[in-house]
Number of protein chains: 2
Amino acid sequence: MVTIADVARHAGVAASTVSYVLSGKRTISTDTRERVQRSVRALGYRPNASARALASQRSNVLALVIPLRTGMHVPVMMQFAAAVVTTARRYDHDVLLLTADEGSDGLERVAQSSLVDALVVMDIELHDERVPVLRELPMPSVLIGYPDDADGLTCIDLDFVAAGAHCVDHLADLGHRSLALLGTPSAVYERQTGFAQRTLTGFAEAAERRGVLGVETPCEHTFDAILHTVRQLLDEHPDITGLVVQNEPIIGPLLDVLRRLGRRVPDDMSLVAICADDVAERQVPQLSSVSIPAERIGAQAVEALITKLEGGEVPALTLQPPSLTARESSCPAPHRDLTTA
Amino acid sequence: MVTIADVARHAGVAASTVSYVLSGKRTISTDTRERVQRSVRALGYRPNASARALASQRSNVLALVIPLRTGMHVPVMMQFAAAVVTTARRYDHDVLLLTADEGSDGLERVAQSSLVDALVVMDIELHDERVPVLRELPMPSVLIGYPDDADGLTCIDLDFVAAGAHCVDHLADLGHRSLALLGTPSAVYERQTGFAQRTLTGFAEAAERRGVLGVETPCEHTFDAILHTVRQLLDEHPDITGLVVQNEPIIGPLLDVLRRLGRRVPDDMSLVAICADDVAERQVPQLSSVSIPAERIGAQAVEALITKLEGGEVPALTLQPPSLTARESSCPAPHRDLTTA
DNA sequence: ATGAAAGCGCTAACAA
DNA sequence: TTGTTAGCGCTTTCAT
């Protein structure tokens, strides 16, 4: 292994000079700088990460805590993770991957051992045991999602309340009077997961505001569950003509189920999904959808952390405004048959 | 921050004694050990990771390199990643997440800076630029997948050749005489990705051996592409009655496409997929499938690394034997209509 | 503009 | 069974 001392010897300077050339924290004469840089290249020198971390009290590693639980939509999480890693690298940081099942102990472990400088925590529940821990940790963190009590924390998320409302408004604008929200599996609600809960809130509030019927139901992932859920929904509320879907894996089978139940999309039933754009575009018909800007949020989370690490200020809560793209799955409500009214 | 010196003082022993109590590398009298352990708890001591790594030349961190490219099936990758993290934790290691787009430079960076002790690299291509780099790196690595020239490397993978053959045998045993392999997007083949390539080999060899027709075609992910690919396939080979599918995201739409084209599964067309069990079970009808044991392979990769780190020997190539589960999507071939023969 | 030297917090060889 | 001590390779203060 080639050390800083080797480089210093090779360049005929002191080790500290090499360090300063590399960090740029001191002005170095062009001559010396170039000589050192040549030596670095000649010897293939790479600073030892542990030594650097020990001396500088900075590991240049961020922790990323991802959920590995049932009901989470995996591709979206991967987009987050990818964005976090890519952005971290842009700021010369690496990413340590933690799974949520280590719980708050895991957070304390990596933080208190100085393995990482800061943390990104995904999939925050409304009452999350990790939140008080994060608050006490001696280093910055950013939550993707936000808990009920977000005091003293930095949170970034899609504005799911607005997303739910947005879907209702879109359908209500098209003349639909009876809507349903087909949500995530019930386990997700029972965990009091923020995004699911808040979409529901936005949906309900908007339905009330617009004076339309707004029914809500969770939905599991199996085909039979989807069939059963939708059938029951339409039995109880036969006049529903607008569906909001927040449950990416059921989208394909759902279209099939609606076909079997004799509802054409969009003629008999308009659909708006909350999902990644590529998923929406891949369906037949293509789905009107509110997209989940995972890349944007992941990048923003890292940027907020870097800012905090440099002593800067960041907003306590950043909510991405949702944007709805109308595609083929939503259209004006069918005329009401007044004879059956 | 509480250091080992604080603990030593609190317990009335030398710092090295604390170190030895923690590592267990020396026999310590019960009395001292308990006193030290009490002090550790009392002060909430956590060894500093960088200091430990610097002194011991071991970071206790493994690198995991995951692909973020088109055509890869994301949920399977997440299963790998989850298994790697979970298993690493069982051996007291953490996992640093790298994306494949850092290329071989990324590997050199984390290895030569001693950021990690060892590497797990996923999605290995047949001719992979990272392979020669891994071979020269001063630390152990395990490849998930394997390149053409795997000399001096440790590789773990599902035996995709056998998987392809297995599917053919299953269908041939049921009397099918004309089969097709519906593969991954062509980009995956063009990258010379091992698993896709080898499945194809196994498929072709087995078809030849069994004396049945074996047609192969890549397939993109969009609905239109699936429709077009399958239609063309059945136009050119109308007597195909067995389909092998290695392309998880198209499975749902494919069933739809077959229905549209008037082929009932399994009555007119038997289907065998190479995919995760839960995906196979979620379909209607449930798919006969060769499962991808991601958890097993991920865990095995980490265990191999740990063994190597401890100076042990591991096999150069570990191929998981595929296992096929027959479900509802495959059945005996329809009787041939001899009048049209 | 550069160098010397004191740590950062831990491990492990050496001593006792 | 335990303590003393010399690093691990770097950053950063202090000195020049």
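Computed from a prediction, not measured in an experiment: that's the story for all the values here. For the numbers below, each heavy atom of this structure counts, side chains included, while hydrogens, waters and symmetry mates do not. We name chains A, B, ... by the order of the sequence lines, and we start the count at 1 in each one.
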Please give, in whole Å, the distance from [N] [atom2] to [X] [atom1]?
X     : N      : atom1 : atom2 : result
A/Q57 : D/dG9  : CD    : P     : 19 Å
B/L22 : C/dA12 : CG    : P     : 12 Å
B/R52 : C/dT11 : CZ    : P     : 5 Å
B/L54 : C/dG9  : CG    : P     : 12 Å
A/R9  : D/dG9  : CZ    : P     : 12 Å
B/I4  : C/dA12 : CD1   : C1'   : 12 Å
B/D6  : C/dG9  : CG    : P     : 9 Å
B/Y45 : C/dG9  : OH    : P     : 10 Å

Nucleotide-resolved protein contact map, nucleotides 1-6 of chain D, B/S/- at heavy-atom distance under 4.0 Å:
SBBB--
Starting at CD1 of B/I144, measure out to OG1 of B/T318 and round the result to the nearest 0.5 Å.
11.0 Å
Give me the atom names and distance for the closest heavy-atom approach of B/M139 to B/D117.
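In this case the closest contact between B/M139 and B/D117 is CB-O, 3.4 Å.
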End axis versus end axis in the helix from C/dA1-D/dT16 to C/dA16-D/dT1, the angle rounded to 10°, five pairs used at each terminus:
40°
Between A/S29 and A/T32, do the side chains contain an N or O donor and an N or O acceptor separated by less than 3.5 Å?
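A/S29 vs A/T32: donor-acceptor pair found between side chains.
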Among D/dG7, C/dG7, D/dT12, find the nucleotide with the atom closest to the side chain of A/A55.
C/dG7
Do the side chains of B/L119 and B/V110 get nearer than 4.5 Å, heavy atoms only?
yes
Option among A/D149, A/D128, A/D151 that satisfies the salt bridge (charged side-chain N to carboxylate O under 4.0 Å, His left out) test with A/R135
A/D149
Within the pair B/S19 and C/dT11, is there a side-chain N or O less than 4.0 Å away from OP1 or OP2?
yes
Any side-chain N or O of A/K25 below 4.0 angstrom from OP1/OP2 of D/dT11?
no
Using modelled atom types and a 3.5 Å cut-off, is there a donor and acceptor pairing between side-chain atoms of A/D105 and backbone atoms of A/E102?
no
Check for me whether B/R33 meets the cation-pi criterion with B/Y20, that is, NZ or CZ under 6.0 Å from the six-membered ring centre and within 45 degrees of the ring axis.
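Geometry flag: not set, cation outside 6.0 Å or 45°.
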By the definition side-chain contact (heavy atoms from CB on, under 4.5 Å), identify the one residue from B/V61, B/L96, B/D94 that meets it with A/V61.
B/L96
Can you tell whether the side chains of A/R296 and A/E303 come within less than 4.0 Å, N to carboxylate O?
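Between A/E303 and A/R296 there is no salt bridge, as every charged N stays at least 4.0 Å from the carboxylate O atoms.
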